[in-house]
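Along the sequence shown, residues carry numbers from 1. Note that the structure is predicted; figures quoted are calculated from it, not measured.
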Amino acid sequence: MTVETHPLEPFLPADAKVLFLGSFPPPKEKWSMDFFYPNWINDFWRIIGLIYYDDKSFFEISGSKAFDRERIVDFCETNGLAFFDSAVKVCRLKDNASDNFLEILEPTDVPALLSRIPLCESIVTTGGKSSEELASILGADTVPGVGGSVRLMVCSREITWYRVPSSSRAFPMKIDRKAGYYRDVLGSIGVL
């Protein structure tokens with residue numbers, strides 16, 4: 001068992017309209033870049049490439065198994081996408097990236113993140129673990145189903161919480177179908 005503290009600072013562009021919350025980054029040796037969703041075999045950036053550019057390879061560095069961090073950061077700043085995870089400190093019960101073996105020791109202070117991005121009115125959780133943890137953090141009675149949403153008051157601010165399927169390949173759904181959920185949610189938020 002390994003205790004880890006989140007290795008990244010929250011990515012919070014001043015004009016962010018949506019905050020994506022995953023669970024926690026994979027072990028560092030699985031990273032292909034120093035940014036969120038860094039695992040080469042995670043399809044998050046391929047899904048975003050499909051939605052915005054009709055090209056799942058758009059954010060990949062040609063000829064290498066890595067994502068283009070600069071292109072991703074520029075894209076996120078331009079489109080108002082913020083990122084962090086639902087946990088700041090975890091115990092990794094097995095030496096892998098599976099959410100099934102993450103024990104959350106310290107949840108993220110999501111209201112504090114939202115206070116830093118005043119234009120943000122939407123949160124998107126990318127999978128079951130992050131959704132369950134966000135419900136706990138915010139004291140929510142309802143966790144939205146995949147593709148669903150709920151409205152919440154967070155520090156006197158109305159937020160819409162959306163849930164999309166995990167971008168991990170361990171989640172058994174084809175990438176085009178996952179992209180459909182993400183496209184619908186991002187369209188509803190108005191960042192498409």
Side-chain angles (χ1 to χ4, degrees), residues 2-102 104 108 113 117 123-130 133 163-183 185-186 189 191-192:
T2 306
V3 174
E4 296 177 41
T5 299
H6 205 294
L8 296 169
E9 289 296 315
F11 180 78
L12 306 171
D15 61 350
K17 297 175 188 81
V18 58
L19 172 62
F20 281 90
L21 289 175
S23 53
F24 197 80
K28 193 84 169 178
E29 63 270 10
K30 298 195 182 289
W31 289 27
S32 72
M33 66 172 171
D34 287 332
F35 198 67
F36 295 88
Y37 303 95
N39 192 335
W40 176 249
I41 61 169
N42 185 294
D43 284 328
F44 184 89
W45 297 112
R46 292 180 187 93
I47 290 167
I48 298 300
L50 274 173
I51 293 168
Y52 284 86
Y53 302 102
D54 199 27
D55 178 2
K56 70 180 184 178
S57 301
F58 185 82
F59 292 108
E60 296 176 7
I61 297 173
S62 182
S64 72
K65 291 185 174 185
F67 296 108
D68 187 332
R69 183 187 185 282
E70 282 185 38
R71 182 182 289 181
I72 287 169
V73 167
D74 288 345
F75 167 83
C76 294
E77 288 175 342
T78 299
N79 289 282
L81 309 183
F83 292 87
F84 200 59
D85 291 304
S86 60
V88 174
K89 189 177 284 189
V90 300
C91 179
R92 202 176 296 278
L93 303 174
K94 291 195 176 181
D95 191 27
N96 63 33
S98 174
D99 283 355
N100 294 332
F101 302 107
L102 276 184
I104 295 178
T108 295
L113 291 182
I117 44 177
I123 295 174
V124 176
T125 50
T126 59
K129 184 82 165 184
S130 59
E133 192 59 29
R163 180 177 172 189
V164 293
S166 171
S167 54
S168 168
R169 291 186 186 170
F171 185 77
M173 183 184 287
K174 293 187 185 237
I175 190 171
D176 291 333
R177 187 160 174 230
K178 288 181 186 183
Y181 282 105
Y182 283 65
R183 183 179 290 110
V185 164
L186 293 171
I189 295 168
V191 292
L192 255 184

Main-chain N/O of Pro165 paired with Tyr182 side-chain donor or acceptor, under 3.5 Å: yes
For the student: nearest non-hydrogen atoms of Pro13 and Cys76, plus distance: CG-O, 4.4 Å
Rounded distance [0.5 Å steps], CZ in Phe58 versus CG in Leu50: 12.0 Å
Centroid separation Phe59 to Phe75 less than 6.0 Å: yes
Student check: side-chain heavy atoms of Pro25 and His6 closer than 4.5 Å: yes
Lys89, NZ: over 12 other non-hydrogen atoms inside 6.0 angstrom: no
Distance (rounded to the nearest 0.5 Å) between Asn39 CG and Glu29 CD: 10.0 Å
Distance in Å, Ser167 OG paired with Lys178 NZ, rounded so as to fall on 0.5 Å steps: 6.5 Å
N/O donor-acceptor pair under 3.5 Å between Ser86 side chain and Gly22 backbone: yes
Residue pair Ser130 / Gly127: nearest heavy atoms and the distance that separates them: OG-O, 3.3 Å
Closest non-hydrogen atom pair, Ala16 against Ala82: CB-CB, 3.8 Å
side-chain contact (heavy atoms from CB on, under 4.5 Å) between Ile47 and Tyr181, worked out: CA-CA 10 Å; Ile47 290 167; Tyr181 282 105; over 6 Å; no
4.5 Å side-chain heavy-atom contact, Ile189 and Val124: yes
For Val90 against Ala87, the heavy-atom pair lying closest together: CG1-CB, 3.6 Å
Steps toward side-chain contact (heavy atoms from CB on, under 4.5 Å) verdict (Leu186, Tyr52): CA-CA 10 Å; Leu186 293 171; Tyr52 284 86; 4.0 Å; yes
CA sep, side-chain torsions, deciding dist, call: Lys129, Phe24, side-chain contact (heavy atoms from CB on, under 4.5 Å): CA-CA 9 Å; Lys129 184 82 165 184; Phe24 197 80; over 6 Å; no
Distance, nearest 0.5 Å, that separates CD1 of Ile72 from CZ of Phe11: 10.0 Å
Salt bridge flag under 4.0 Å for residues Lys28 and Asp34: yes
Flag if over 12 foreign heavy atoms under 6.0 Å of CD1, Ile41: no
Distance in Å, Asp74 CG paired with Asp68 CG, rounded so as to fall on 0.5 Å steps: 8.5 Å
Within the 6.0 Å centroid threshold, strictly below: Phe44 and Phe67: no
Under 3.5 Å donor-acceptor, Thr108 side chain and Asp85 backbone: yes
Aromatic contact, Phe83 with Trp45 (centres under 6.0 Å): yes
Short side-chain to backbone donor-acceptor contact, Arg183 and Leu192, under 3.5 Å: no
Flag, side chain of Trp40 to backbone of Lys30, donor-acceptor distance under 3.5 Å: no
Derivation and outcome, side-chain contact (heavy atoms from CB on, under 4.5 Å), residues Leu12 and Leu19: CA-CA 8 Å; Leu12 306 171; Leu19 172 62; 4.2 Å; yes
Spacing of Asn42 atom CG and Thr126 atom OG1 [to the nearest 0.5 Å]: 8.0 Å
